[in-house]
Amino acid sequence: MSNTNGTEELEGEATSGTGAGDLRSQRIERAEQLRNAGLEPYPPRIERTHTNAEVEALLEGVASDSETELESVAIAGRVVAQRGMGRASFLDVIDGTGRLQVLLRRNVIGEDAYTRLKLLDLGDFVAVQGTPMRTRTGEATVGATTWQIVTKALRAPPEKFHGLTDLEIRQRQRYLDLLSNEDVRTTFRMRSHIVSAIRRRLDELDYLEVETPVLQEEAGGAAARPFQTHSEALDEERSLRISLELHLKRLLVGGYERVYEIGRIFRNEGFSQRHNPEFTMLELYEAYGDYGTMATLLEDLVSGVAKEVLGTMKVSFGDNEIDFSPPWQRITYHEALRKYGDFDLDQFGETEALRDALRQRGLDTPAEAGRGKLIDIATSSLVEPHLVQPTFLLDYPIELSPLAKRKAGFPDLVERFEAFVGGFEFANAYSELNDPVDQRERFEKQQALRQAGDEEVELADEDFLISLEHGMPPAGGLGFGIDRLVMLLLGHTSIREVILFPQHRKLHKQDEE
């Protein structure tokens, strides 16, 4: 590629016919030429007085080719375009705040410095000192007085500045995705704003943010398969947590009344548009609350965050406009099955009768699935696709909820809701079970299901049961996936688009080649 003539945008050099390995060698050689000239291509520090956005701000109101004298600035960033024009060259430099043009004149920076432009490659980082100005075309520019390479990139940037489109490469090498796509940088910047807004609102409500163990003796609090590991120091098996719940409830026993945690969760399960084995969850617990308290909190939290971060409570998701304005629709579990699936759960009191009814609907019913799993299969297929606008699905069968309190007057139901948007679940809440005897009995039933072959059931945690025996106040608990909420608010249909580094199958050498 030519470094000093014509116009170049940030693009891969492999298209020139030279192999990628040869191009890398050329870049290494240019780094050596810099060193031979007494210039370190990776200096330990540089001076930067302004970001690109700050330079733009300095030029507010300054006209093209104005004689207004501005103080010198020092900027730094990655070179994404280079245009040579004989005795002058232009660079486009990006930093974390945006893109800015740099003008390098041979008669200003000197012959040696201008000749060193031949050692510059797209993707290199440079530091520039000079005077802010506007060109005849009105573009904000720094007229350089000095410049230097401060990081020599040994690999070419993506082929087109706006065109890294291979989904797997984008996710495996997210740094290239971020470098190439402004929309992707915006997504993850917005994700950070969403999380910060959630924290602010919970802090204002006097919730205490805490941290609980990732490595646990028993991975409880959810019906999921954990990842297993081994502690060499203790010579004992440990599990990566699948939930935040049981340790947060211990804190209610200990006297805190409002606690929350935003933490990483690990579930040894499959991949899908909405599932990644490692994800981020918020869980919170409020003493003397219940699932009604949690429903109101969730409505206010999500709608408030949407308004604060996006400026609106209405967002586009797929082909639908989602309105997060409270109040959200409420419907009971049994009503939803009857309304959307023409399916009356009360008619199938026996597990095998329920299994046969689902098979007649053409649904897959694994032989090891217990009644709770079968009910979940029915809901996933018959109800969830219809729940597009924010909806609370209330009062779950007890088989699905071993940690929730029974609904008064309905011994087969519990005070639980799941919140659905866009046809999938993103939040879950209970009136928390605080009867230690009832809790132990439910764990025992879950253990019986595990022994019958169902691995995705709740695991008993003896220390948690002992903590309940010391007394936990009535409480409401709420949990939701941060990743799924970000998907909904920002209009992404795949969870991998909102996780910076999603999990992938390990590449083998032949795959890399």
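- Between F317 and F424, the angle of the ring planes lies from 30° to 60°, which puts this pair in the tilted group.
- Listed by chain and residue number, nothing satisfies the salt bridge (charged side-chain N to carboxylate O under 4.0 Å, His left out) test with R274 (two or more places apart in sequence, or in another chain).
- Under the 4.0 Å criterion applied to side-chain N and carboxylate O atoms, E182 and R99 are not assigned as salt-bridge partners.
- The side-chain contact (heavy atoms from CB on, under 4.5 Å) search around T51 returns R48, A53, E54, D95, T97, not counting sequence neighbours.
- Partners of F343 under the ring-ring contact (aromatic ring centres under 6.0 Å, His included) rule, at least two apart in sequence or in another chain, are F348.
- Electrostatic pairing of D290 and K405 does not count as a salt bridge here, judged by no charged N lying under 4.0 Å from a carboxylate O.
- Applying the side-chain contact (heavy atoms from CB on, under 4.5 Å) test to V309 and every residue at least two apart in sequence or in another chain returns M190, H193, I194, A197, V305.
- Applying the salt bridge (Lys or Arg N to Asp or Glu O under 4.0 Å) test to residues at least two apart or on different chains, the pairs with a partner in residues 468-479 are R440-E469.
- Contact of the F420 side chain with the L393 side chain is registered, since non-hydrogen atoms from C-beta on lie closer than 4.5 Å.
- With sequence neighbours left out, the side-chain contact (heavy atoms from CB on, under 4.5 Å) criterion links L363 to L358, R361, I377, S381.
- A donor-acceptor contact closer than 3.5 angstrom is absent between the side chains of R250 and S467.
- Two rings, from Y396 and Y333, have their centers less than 6.0 Å apart.
- D395 and K407 are joined by a salt bridge, as a carboxylate oxygen and a charged side-chain nitrogen come within less than 4.0 angstrom of each other.
- The stretch residues 298-326 participates, sequence neighbours left out, in these salt bridge (Lys or Arg N to Asp or Glu O under 4.0 Å) pairs: R200-E308, R201-E308, E299-R330.
- With contacts defined as side-chain heavy-atom distances shorter than 4.5 Å, the pair P397/L345 qualifies.
- Salt bridge status for E209 with R199: present, with a side-chain N to carboxylate O gap under 4.0 Å.
- Considering all non-hydrogen atoms of both residues, P385 and S380 come closest at CD-O, 3.5 Å.
- Take H470 and apply the side-chain hydrogen bond (donor to acceptor under 3.5 Å, both in side chains) test, not counting sequence neighbours, and it matches no residue.
- Annotation: side chain of V315 is not in contact with side chain of L488 (no heavy-atom distance under 4.5 Å).
- The minimum heavy-atom distance linking A219 with L240 is given by the pair CB-O, 3.8 Å.
- A distance of 6.0 Å or more separates the ring centres of F266 and F227.
- Residues passing the salt bridge (charged side-chain N to carboxylate O under 4.0 Å, His left out) test with R359: none are found, sequence neighbours excluded.
- For R338 and E335, the salt-bridge test fails: no basic side-chain N is under 4.0 Å from an acidic carboxylate O.
- Residue pairs meeting the salt bridge (Lys or Arg N to Asp or Glu O under 4.0 Å) criterion with at least one member in residues 412-431, sequence neighbours excluded: R416-E418, E425-R484.
- Taking OG1 of T351 as the reference point, atom CG of D356 lies at 11.0 Å (rounded to 0.5 Å).
- Between F392 and I331 there is no side-chain heavy-atom pair separated by less than 4.5 Å.
- Side-chain contact between Y288 and E257 is present, with at least one heavy-atom pair separated by less than 4.5 Å.
- In this model, no donor atom of one side chain and acceptor atom of the other lie less than 3.5 Å apart for H334 and D344.
- The structure places CZ of R371 at 11.0 Å from CZ of R355, a figure rounded to the nearest 0.5 Å.
- With sequence neighbours left out, the side-chain contact (heavy atoms from CB on, under 4.5 Å) criterion links P402 to R442, Q446, E458.
- When side chains are defined from C-beta on, L284 counts as touching L297, because their heavy atoms get closer than 4.5 Å.
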Side chains of residues 493-501: which donor-acceptor partners sit under 3.5 Å, not counting sequence neighbours?
| residue | atom | partner | partner atom | Å |
| --- | --- | --- | --- | --- |
| S494 | OG | R496 | N | 3.3 |
| R496 | NH1 | H504 | ND1 | 3.3 |
| E497 | OE1 | R170 | NH2 | 2.9 |
| E497 | OE2 | Q171 | NE2 | 3.2 |

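- Contact annotation: the side chain of E245 approaches that of E283 to within less than 4.5 Å [non-hydrogen atoms, C-beta and beyond].
- The closest side-chain donor-acceptor pair between R78 and T151, if any, does not fall under 3.5 angstrom.
- Between S325 and S303 the shortest side-chain heavy-atom distance does not fall below 4.5 Å.
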